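Here the structure is a predicted model, which means the values were calculated and not measured. Just the heavy atoms: all of them, side chains too, but no hydrogens, waters or symmetry mates, feed the values below.
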Amino acid sequence: VFRDFKPVAFLGAAPTALIVHPGFPAASVAELVEHVRRNPGKPWYASPGAATASRITFELFKRQAKVDIGIVPYRGAGPVFNDVLAGHVPMTFAQPEVAAAMVQEGRLRALAVTSKARAPLLPDTPTFLELGYPIVRTVWSGLFAPAGTPDGIVQRLNAEARKALGEPEVLDLLNKLGLVVEPMSPDELGRLVASEVASYRDIVKEAGISAEQ
């Protein structure tokens with residue numbers, strides 16, 4: 001990523017939410033932590049894949065909360081949602097735009113979100129920061145160009161992206177998707193990438209995650 005690509009513009013970010021089946025005996029993160037500490041190692045977390053934001057955030061939560069929760073591996077988010085909704089596996093991490101409607105219908109319960117501020121689609125759900133956990137993770141999108149693209153073109157693309165992201169109809173669409181727009185310069189996006197790579201590398205090594213898991 002550092003050799004082959006050149007950062008251009010940040011396009012938007014969404015948090016993930018810790019969600020549980022309403023039949024699970026935890027209505028808050030505190031209750032969940034207490035419950036899993038009484039039942040260590042139980043396979044209660046549905047993982048959509050080793051390299052997903054859901055799995056990485058889960059490992060970070062385990063580290064911060066000092067809990068031992070077993071993992072049920074899946075291939076993709078679709079089967080995860082089917083089984084969490086059915087109560088076969090009680091918890092996972094998911095993006096608010098995927099879970100919000102089911103939370104509102106009472107089919108799922110959202111315990112916390114990973115953004116700095118509360119997610120607009122889940123306004124009644126606290127952030128992990130509010131609950132005392134230093135967990136801030138987002139699923140974000142960025143625009144990149146091939147390495148060697150002239151700086152003038154990169155700056156022009158950045159300016160055009162900022163202009164497009166400021167259009168009311170674009171903002172409205174992004175808000176409906178639960179995405180927050182935070183304009184960045186190419187250099188700021190590059191620093192974000194470097195920070196994310198270093199952070200994720202530490203979590204992956206500590207958790208022993210491999211591409212085959």
Donor-acceptor pair between T16 and T114 side chains, under 3.5 angstrom: yes
Min side-chain heavy-atom separation K42-I69 under 4.5 Å: no
Residue pair I135 / Q64, side-chain heavy-atom distance below 4.5 Å: yes
Close side-chain approach of Y74 and V89, heavy atoms under 4.5 Å: yes
Sub-4.5 Å side-chain heavy-atom contact between L60 and R137: yes
E59/R63 ion pair, N-O < 4.0 Å: no
Backbone of T127 reached by a side-chain donor or acceptor of E130 within 3.5 Å: yes
R156 atom CZ, over 12 foreign heavy atoms within 6.0 Å: no
Minimum side-chain heavy-atom gap L189-F144 below 4.5 Å: yes
Inter-residue atom distance I19.CD1 - L111.CG, 0.5 Å rounding: 9.5 Å
salt_bridge(R38, E34) N-O dist < 4.0 Å: yes
V197 side chain near F2 side chain, heavy-atom distance below 4.5 Å: yes
From CG (L192) to CG (D187), nearest 0.5 Å: 12.5 Å
Between E182 and W140: side-chain donor-acceptor atoms closer than 3.5 Å: no
Side-chain donor or acceptor of T138 paired with backbone N/O of P15 under 3.5 Å: no
Approximate separation, where rounding is to 0.5 Å, of S115 OG and F128 CZ: 10.0 Å
For the student: nearest non-hydrogen atoms of A26 and V20, plus distance: O-CG2, 4.0 Å
Atom pair CD1 (I203) and CD1 (I56), whose distance is rounded to the nearest 0.5 Å: 6.0 Å
All pairs passing ring pair (Phe, Tyr, Trp, His ring centres under 6.0 Å) where residues 22-52 contributes a residue, at least two apart: F24-H35, F24-W44, H35-W44, Y45-F58
Heavy-atom side-chain contact between V8 and P186 under 4.5 Å: no
Sub-4.5 Å side-chain heavy-atom contact between E196 and V193: no
Atom pair CD1 (I153) and NZ (K6), whose distance is rounded to the nearest 0.5 Å: 9.0 Å
Closest non-hydrogen atom pair between L108 and A99, with its separation: CD1-CB, 4.4 Å
Separation between CG of L165 and CG of L179, rounded to the nearest 0.5 Å: 10.0 Å
Salt-bridge contact K176-D172 (side-chain N to carboxylate O under 4.0 Å): yes
